[in-house]
Number of protein chains: 2
Amino acid sequence: MARTRHRSLDCSPGCAVEATLQLIDGKWKGVILYHLLAEAPEPEGALRFNAFRRRMPNVTQRMLTNQLRELESDGLVHRTVYAEVPPRVEYRLTERGRSLEPVIRALKAWGDAHAAMAPEVAA
Amino acid sequence: MARTRHRSLDCSPGCAVEATLQLIDGKWKGVILYHLLAEAPEPEGALRFNAFRRRMPNVTQRMLTNQLRELESDGLVHRTVYAEVPPRVEYRLTERGRSLEPVIRALKAWGDAHAAMAPEVAA
DNA sequence: CAGTATCCTTTTAGATACTG
DNA sequence: CAGTATCTAAAAGGATACTG
């Protein structure tokens, strides 16, 4: 259980910026949150493990599990296990997770507006 | 010059979210941008290398240089070198960099509002 | 003042195979 | 279906010493 995570923040007022970033950084966390916010059916809807995999074709099982667990331990996502066969596990945003919506929206908006990656491509 | 950077994005619409994140992730980039946005004297103001170091007591010279160079090569920050002795180098936001303001603001606002780090601490 | 250069440790992520 | 377990590679970050 080498769950270190969250390198100590040692900034001063910009601290809050880094603190928020630490929660959503990780190769797949942004997309996971985005899908939960934007695509989970009906408000407060959930997505299942394989639903994520379909939306993120290149994530490995290991990484998806990792990222979901970290989001869970940061209190952003809730994991519900149904004792059925075959097993069913649902992920949904917590209140805290849903409160990140403006942040995710801002990230998405900027990415869309700036065609990302390449400065030269900017209209 | 192993300037790899920017792991290939393979999400689908959440892609824009990841793309934006890639530009501001890196242990010190958020704070650097924050300081340039919030504290650089007068609009379009600049900060010098050691001005950053004063604001971020725990950054090493190596990391500060790295992060600034990456921000530069992503077109977010401009670096001006004055041919003087002792040398003077100023960093300021580009247009593109300044356009990240809503994003940084959102990150800051969330961090401030949620006391960061600990879910339990949330009022 | 504003960096470089080296070396080294930690963290992150990917591949692959297996399971209740 | 929803994961574990193991092993490995690569990237990020830190410590320390030196310089135009």
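Throughout, a chain's letter reflects where its sequence line sits, starting with A, and its residues are numbered from 1. The figures here come from the full heavy-atom set of this structure, side chains too, leaving out hydrogens, waters and symmetry mates.
Side chains of A/E101 and B/W110 form no contact here, defined as non-hydrogen atoms less than 4.5 Å apart.
Residue B/E90 is out of contact with every strand shown, counting any heavy-atom pair closer than 4.0 Å.
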Pairs under 3.5 Å (N/O, protein and nucleotides 4-8 of chain D):
| from | atom 1 | to | atom 2 | distance (Å) |
| --- | --- | --- | --- | --- |
| D/dT4 | OP1 | A/R69 | NH1 | 2.6 |

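If you take CD1 of B/I24 and C1' of D/dA12, they are 17 Å apart, rounded to a whole angstrom. The CG-P distance, from B/D25 to D/dA11, rounds to 14 Å in whole Å. As a whole-Å value, the separation of A/E84 CD from D/dG3 P is 13 Å. Whole-Å rounding puts the A/M56 CE to D/dA2 P distance at 14 Å. For the pair B/Y82 OH and C/dG3 P, the interatomic distance rounds to 13 Å; values are reported in whole Å. The distance between atom CD of B/Q67 and atom C1' of D/dG14, rounded to the nearest whole Å, is 12 Å. For the pair B/E70 CD and D/dG13 C1', the computed distance is 11 Å after rounding to whole Å. One can place CG of B/L64 at 14 Å from P of C/dC1, the figure rounded to the nearest angstrom.
For B/E90, the side-chain hydrogen bond (donor to acceptor under 3.5 Å, both in side chains) partners two or more places apart in sequence, or in a different chain, are B/Y82, B/R88, B/R92. Shown here are the side-chain hydrogen bond (donor to acceptor under 3.5 Å, both in side chains) partners of A/E95, two or more places apart in sequence or in another chain: there are none. The side chain to side chain contact (heavy atoms under 4.5 Å, CB included) check on A/V89 picks up A/R79, A/V81, A/Y91, with sequence neighbours excluded. Taking the side chain to side chain contact (heavy atoms under 4.5 Å, CB included) definition, one finds that B/R62 meets it with B/T60, B/N66, sequence neighbours left out.
Each end of the helix from C/dC1-D/dG20 to C/dG20-D/dC1 gets its own axis from five base pairs, and the two axes differ in direction by 60°, given to 10 degrees.
By the 4.0 Å N-to-carboxylate-O rule, B/K29 lies too far from B/D25 to be salt-bridged with it.
Screening A/L100, A/L37, A/L76 against A/L93 for a side-chain contact (heavy atoms from CB on, under 4.5 Å) leaves a single residue, A/L37. Considering A/Q22, A/E70, A/E18 in turn, A/Q22 is the only one that fulfils the side chain to side chain donor-acceptor pair (under 3.5 Å) rule with A/H6.
Residue A/Y91 places at least one side-chain N or O under 4.0 Å from the OP1 or OP2 atom of D/dG3. OP1 or OP2 of C/dA2 has at least one side-chain nitrogen or oxygen of B/R48 nearer than 4.0 Å.
Using a distance-only test at 3.5 Å, with no hydrogens or angles considered, a donor-acceptor pair links the side chain of A/R55 to the main chain of A/A51.
Residue A/V59 is the one, among A/P87 and A/V59, whose nearest nucleotide of DNA chain C lies closer to the 5' end (criterion: closest heavy atom).
For A/K27, the side-chain atoms get nearest to C/dA13 when compared with the rest of D/dG14, D/dC1, C/dA13.
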